[in-house]
Amino acid sequence: MCGTQVLLLDEPFEGVAPVLARRLAEVISGLKQEGLSILLTESDLSHSKELLDSLYIIDRGEVRAGTL
């Protein structure tokens, strides 16, 4: 797909203070609204669950579930 932009984020909320995590979620949400595709890996969904269009759970290298 020509011209497609993707942002890859690996555990962006890990170790981040709650106030900064909220701001980071706002920025990611804004990028998403602008049409940017975002692939996000997280072990804890507390900060990112509102950002998701699709969710895949991977356990020991195997996809266990896909939801949303």
Side-chain angles (χ1 to χ4, degrees):
M1 295 186 324
C2 192
T4 300
Q5 295 183 11
V6 178
L7 176 62
L8 306 174
L9 298 170
D10 183 23
E11 299 274 351
F13 300 100
E14 182 71 25
V16 176
V19 69
L20 293 176
R22 284 190 296 274
R23 179 64 183 129
L24 179 57
E26 290 172 5
V27 170
I28 293 170
S29 179
L31 292 171
K32 180 181 164 188
Q33 290 176 359
E34 290 178 16
L36 187 67
S37 296
I38 302 169
L39 178 62
L40 175 72
T41 63
E42 274 293 334
S43 55
D44 177 9
L45 296 177
S46 61
H47 298 291
S48 58
K49 63 185 168 200
E50 301 298 323
L51 301 170
L52 303 177
D53 290 327
S54 298
L55 169 69
Y56 295 93
I57 299 171
I58 301 172
D59 182 27
R60 296 181 185 161
E62 186 175 330
V63 177
R64 299 287 184 183
T67 61
L68 298 178

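The structure displayed is predicted, hence computed values, not measured ones.
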Indicate the atoms forming the closest heavy-atom contact of Leu24 with Pro12, along with that distance.
-> CD2-O, 3.4 Å
Salt bridge (Lys or Arg N to Asp or Glu O under 4.0 Å) involving Glu26 - partner list, sequence neighbours excluded = Arg23
Shortest non-hydrogen contact from Val6 to Leu36?
-> N-CD1, 4.1 Å
Check the pair Ile38, Leu51 against side-chain contact (heavy atoms from CB on, under 4.5 Å), reporting the backbone distance first and the verdict last.
-> CA-CA 10 Å; Ile38 302 169; Leu51 301 170; over 6 Å; no
If you look only at pairs with a residue in residues 11-22, which of them pass as a side-chain hydrogen bond (donor to acceptor under 3.5 Å, both in side chains), with sequence neighbours excluded?
-> Glu11-Ser43
Hey, what else clusters with Val16 if you join Ile, Leu, Val, Met, Phe, Trp, Tyr whenever side-chain heavy atoms sit under 4.5 Å?
-> Val19, Leu20
Nearest heavy-atom approach of Glu42 to Asp44 is OE1-O, 3.3 Å
Residue set satisfying side-chain contact (heavy atoms from CB on, under 4.5 Å) with Leu39, at least two apart, ordered chain then number -> Leu8
Do you reckon Ile28 sits in the same ILVMFWY cluster as Leu52, going by side-chain contacts under 4.5 Å, direct or chained?
-> no
Nearest-0.5 Å distance, CG of residue Leu9 to CG of residue Leu40 | 6.0 Å
Could you go through residues 58-66 and list every donor-acceptor pair under 3.5 Å that involves a side-chain atom there, pairing it with any protein atom two or more places apart or in another chain?
none

Residue pairs fulfilling side-chain hydrogen bond (donor to acceptor under 3.5 Å, both in side chains) with at least one residue in residues 27-38, sequence neighbours excluded | Lys32-Asp53
Could you note down all residue pairs passing ring pair (Phe, Tyr, Trp, His ring centres under 6.0 Å) where residues 24-60 supplies at least one of them, sequence neighbours left out?
-> Phe13-His47
